[in-house]
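The next block holds one structure in the form of structure tokens; read it before the comments.
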Amino acid sequence: QTNMLDFVFAVDDVVTWHMTNLLKNRSHYSFLKFFGPKKISTIQGYGAGIYYNTLVPCNGRMIKYGVISTDALIEDLLHWKTLYVAGRLQKPVKILAQNENSRLQAALVSNLKSAVIASFLMLPESFSEEDLFLQIAGLSYSGDFRMIIGEDRFKVQNIVKPNIAHFQKLYSTILQDCPQVVYKHQLGRLE
């Protein structure tokens, strides 16, 4: 109830999306609303390619929502240019709605597989599922200055420990099909 909900909307046409959202939810935007949807979309192109509206009251709680172009999302999922959105999608999330974009579907799976392989390189020969999930969840925080100053140093553990079952569901098929590892699912171990 007290945690902020974080939404990400992947849209094909960000200018049209911002134009419509500005008409419906102008109060969600910062001062950038005065520059209009084209300028917001241009600014969104810098950094991670996502524009966030934060501290939005909704049904008695606070939410934030980011908007990213489908193309920018696919690019981050496949190439980890910023790992900002790709890193979020390496953790269990609830997908509320999704169109039948086969490129996006393939990129989502590729991102998960890449997270597994990258994590294998940083783990010993034998490790637990929890060790793997901690490594995966920590990928997007590696090198993040906020993790040194300002962020809870147990952030990654706080993400993984209460969500082990969700991580297992997300990665189970990938681990079972992965030729680089022997997955002893019943024991929760990998070699």
Can you spot which of V14, I74, V15 makes a side chain to side chain contact (heavy atoms under 4.5 Å, CB included) with S69? V14
Note, [X] side chain near [Y] side chain (heavy atom, < 4.5 Å):
X: L77; Y: L108; answer: yes
X: M122; Y: L139; answer: yes
X: H185; Y: E129; answer: yes
X: S172; Y: Q176; answer: yes
X: Q105; Y: E100; answer: no

Ignoring hydrogens and geometry, is there a side-chain-to-backbone donor-acceptor pair from [X] to [Y] under 3.5 Å?
X: N111; Y: A107; result: no
X: N163; Y: H166; result: no
X: K91; Y: G87; result: yes
X: D76; Y: T82; result: yes
X: S114; Y: S110; result: yes
X: N101; Y: L104; result: yes

Give a yes/no verdict on a cation-pi contact between R88 and Y84, requiring under 6.0 Å between NZ or CZ and the six-membered ring centre and an angle within 45° of the axis. yes
Has R26 got its NZ or CZ under 6.0 Å from the middle of the six-membered ring of F34, at an angle within 45 degrees of the ring axis? yes
Can you pull out every side-chain hydrogen bond (donor to acceptor under 3.5 Å, both in side chains) where at least one residue sits in residues 34-51? Sequence neighbours excluded, please. H18-Q44
Identify the two heavy atoms, one from [X] and one from [Y], that lie closest to each other, and give their separation to 0.1 Å.
X: V109; Y: I174; answer: O-CD1, 4.5 Å
X: K64; Y: L55; answer: CB-N, 4.5 Å
X: Q180; Y: I117; answer: OE1-CD1, 3.7 Å

Evaluate the salt bridge (charged side-chain N to carboxylate O under 4.0 Å, His left out) criterion for residues K81 and E75: first the C-alpha distance (whole Å), next the side-chain angles of each, then the deciding distance (0.1 Å), finally the verdict. CA-CA 8 Å; K81 181 180 174 188; E75 182 70 18; over 6 Å; no
Got a second to check how far S128's OG is from R189's CZ, nearest 0.5 Å? 5.5 Å
From K184 NZ over to L175 CG, what is the distance, rounded to the nearest 0.5 angstrom? 14.0 Å
Are Y52 and Y65 an aromatic pair, judged by ring center distance below 6.0 Å? no
Mutual orientation of the aromatic rings belonging to Y171 and F167 [parallel < 30°, tilted 30-60°, perpendicular > 60°]: parallel
Mind telling me whether F9 and F7 have parallel, tilted or perpendicular rings, with 30° and 60° as the class edges? parallel
